[in-house]
Amino acid sequence: MTIPQLALHDGHSIPQLGFGVFKVDPDETERIVSEALEAGYRHIDTATIYGNEEGVGRAIAASGIARDELFITTKLWNDRRGVADTRAAMGESLERLGLDRVDLYLIHWPTPANGSPVETWTTMADMRSEGLTTSIGVSNFDERFLPEIVETGIVPVVNQIELHPQFQQRAATALSAQHGIAIEAWGPLGQGKVDYSTGVIGEIAERLDVSWAQVVLAWHLASGRIVFPKSSSRERMAENLAAADVRLSDADVAAIDALDQGAAGRISADPAEVS
Ligand code: NAD
């Protein structure tokens with residue numbers, strides 16, 4: 001199977017299907033990420049708060065895969081803001097990862113309670129100019145928080161937001177698209193908290209003889225979103241990667257689009273309340 005590369009507005013590109021490591025036990029991360037790399041994943045999404053950057057770094061080092069074939073994302077946690085602290089946090093992440101640069105560095109949450117993110121954001125742009133990260137973006141900056149970032153004139157390449165069939169974030173998606181910002185869908189499968197195996201998705205899966213998870217991932221890919229489902233099992237790693245070969249008809253995509261419940265579909269935290 002071939003994983004599509006999506007062009008980012010800064011001239012770089014990102015594998016559209018990757019592997020996320022939220023809630024992957026730090027003690028198991030090296031093994032699990034090594035298995036994901038063996039399965040064929042080349043894009044790994046981690047974050048400082050996951051506590052497993054070191055394991056990701058060890059798996060990268062052990063893989064023997066050329067650095068330029070890998071796409072590594074990490075994220076600045078909420079307790080690090082401002083010029084000095086943002087720089088320090090980035091340095092610490094690079095050290096834990098054993099890398100001299102990441103491909104993508106994100107502000108993890110807007111944290112309105114911590115004041116404006118602008119100084120942090122411009123610091124990230126400076127670190128990009130210095131080559132510590134190839135690209136910069138934001139996470140959980142929905143339509144309430146994205147304008148302040150975009151008004152700096154430094155436009156994120158991605159906005160990583162909770163997005164799955166019952167919570168499609170239409171307003172954040174439209175605003176991001178207006179600025180050429182790609183959407184990364186976190187919790188793309190509903191984090192195991194929603195039963196997507198029945199109803200419309202279950203029917204499509206049965207007709208195409210694929211799994212419900214492959215249908216949901218194929219829907220994200222057909223909609224132009226970047227995804228990095230998390231799984232600790234080799235079988236599901238392979239299954240999720242193979243979703244790149246599943247083609248949905250326009251009618252099937254539209255049928256899943258119709259499952260959106262708006263704000264009622266959210267399963268995780270509201271960014272306005274995260275500090
Ligand atoms: P997910 O939607 O990827 O769901 C993961 C769950 O689905 C796991 O319990 C797993 O066992 C199950 N699963 C995986 N593959 C399956 C399959 N083929 N069939 C059935 N079940 C399957 O949720 P996630 O891990 O929260 O999100 C993916 C990634 O997004 C994370 O690992 C992380 O990298 C990122 N993320 C970012 C934020 C953020 O605030 N930026 C928040 C959460 C997650």
Side-chain angles (χ1 to χ4, degrees), residues 14-26 28-29 32-33 35-36 39 41 43-53 55-56 71-78 102-111 137-142 145-146 156 158-169 172 176 182-198 201-202 205 210-221 225-246 265-275:
I14 183 169
Q16 201 182 352
L17 179 55
F19 186 75
V21 295
F22 178 45
K23 291 201 172 157
V24 174
D25 187 324
E28 292 196 276
T29 303
I32 288 172
V33 173
E35 289 175 3
Y41 290 91
H43 166 187
I44 308 293
D45 183 274
T46 184
T48 302
I49 194 66
Y50 303 166
N52 56 24
E53 287 170 315
V56 170
F71 191 102
I72 310 298
T73 300
T74 194
K75 313 183 191 93
L76 178 76
W77 188 238
N78 302 342
V102 287
D103 297 275
L104 179 60
Y105 197 47
L106 307 180
I107 301 183
H108 205 144
W109 291 88
T111 63
V138 293
S139 177
N140 298 300
F141 281 66
D142 63 25
F145 306 106
L146 193 56
V158 304
N159 191 6
Q160 183 178 129
I161 53 178
E162 178 188 342
L163 201 156
H164 41 91
Q166 71 173 33
F167 186 53
Q168 295 184 25
Q169 299 245 39
S176 298
I183 294 292
E184 295 193 326
W186 67 252
L189 298 173
Q191 295 190 312
K193 296 175 187 163
V194 187
D195 183 3
Y196 284 129
S197 67
T198 57
I201 294 168
V210 298
S211 72
W212 69 266
Q214 289 176 319
V215 171
V216 173
L217 294 172
W219 166 75
H220 283 293
L221 298 175
R225 290 184 287 267
I226 299 154
V227 281
F228 23 81
K230 175 248 159 183
S231 174
S232 303
S233 93
R234 280 181 185 266
E235 290 72 26
R236 282 177 172 175
M237 285 178 195
E239 176 187 328
N240 294 345
L241 204 57
D245 284 341
V246 175
R266 188 195 294 281
I267 56 176
S268 192
D270 180 340
E273 286 156 20
V274 174
S275 58

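When a ligand or atom number is given, it counts from 1 through the structure's own listing order. We number each residue from 1, following the sequence as shown. No hydrogens, no waters, no symmetry mates; every other heavy atom, side chains included, goes into these values. Just so you know, these numbers come straight off a predicted model, no measurement behind them.
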Below 3.5 angstrom, do we get any N/O pair linking [X] and ligand 1?
| X | result |
| --- | --- |
| P188 | yes |
| F228 | no |
| W212 | no |
| P229 | no |
| K75 | no |

Between the side chains of [X] and [Y], does any donor sit under 3.5 Å from an acceptor?
| X | Y | answer |
| --- | --- | --- |
| S268 | E162 | no |
| Q166 | H164 | no |
| N140 | W186 | yes |
| S232 | E28 | no |

Which ligand 1 atoms, with their elements, are less than 4.0 angstrom from a heavy-atom of [X]?
| X | answer |
| --- | --- |
| G20 | 32 (O), 34 (O) |
| G190 | 2 (O) |
| D45 | 33 (C), 34 (O), 35 (C) |
| H108 | 39 (C), 40 (O), 41 (N) |
| E239 | 17 (C), 18 (N), 19 (N) |
| A213 | 17 (C), 18 (N), 19 (N) |

With the side chain counted from C-beta on, respond yes when [X] and [Y] share a heavy-atom pair under 4.5 Å apart, and no when they do not.
| X | Y | value |
| --- | --- | --- |
| W109 | W77 | yes |
| L106 | P156 | no |
| I32 | M237 | yes |

Check: of W186, W109, Y196, min heavy-atom distance to atom 42 (C) of ligand 1 comes from W186
Pick from L241, N240, N140: the one approaching atom 15 (N) of ligand 1 most closely through a non-hydrogen atom: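 The option holding the nearest heavy atom is N240.
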How close does the nearest protein non-hydrogen atom get to [atom], and which residue and atom is it?
| atom | answer |
| --- | --- |
| atom 2 (O) of ligand 1 | L189 N, 2.7 Å |
| atom 11 (O) of ligand 1 | R236 NH1, 3.4 Å |
| atom 37 (C) of ligand 1 | Q160 OE1, 3.0 Å |
| atom 27 (O) of ligand 1 | G187 N, 3.0 Å |
| atom 31 (C) of ligand 1 | F22 CB, 3.4 Å |
| atom 26 (O) of ligand 1 | Q191 NE2, 2.8 Å |
| atom 25 (O) of ligand 1 | K230 CB, 3.2 Å |

I need the single residue from [options] that forms a side chain to side chain contact (heavy atoms under 4.5 Å, CB included) with [X]. Which is it?
| X | options | value |
| --- | --- | --- |
| H108 | V138, N78, V274 | N78 |
| W212 | T198, L189, D195, L217 | L189 |
| K75 | L104, D45, V102 | D45 |

So, does [X] use its side chain to make a donor-acceptor pair with the main chain of [Y] at under 3.5 Å?
| X | Y | value |
| --- | --- | --- |
| H220 | P188 | yes |
| N159 | S176 | no |
| Q214 | S211 | yes |

Exercise. Does the protein place any heavy atom closer than 4.0 Å to atom 4 (O) of ligand 1?
Worked result: yes
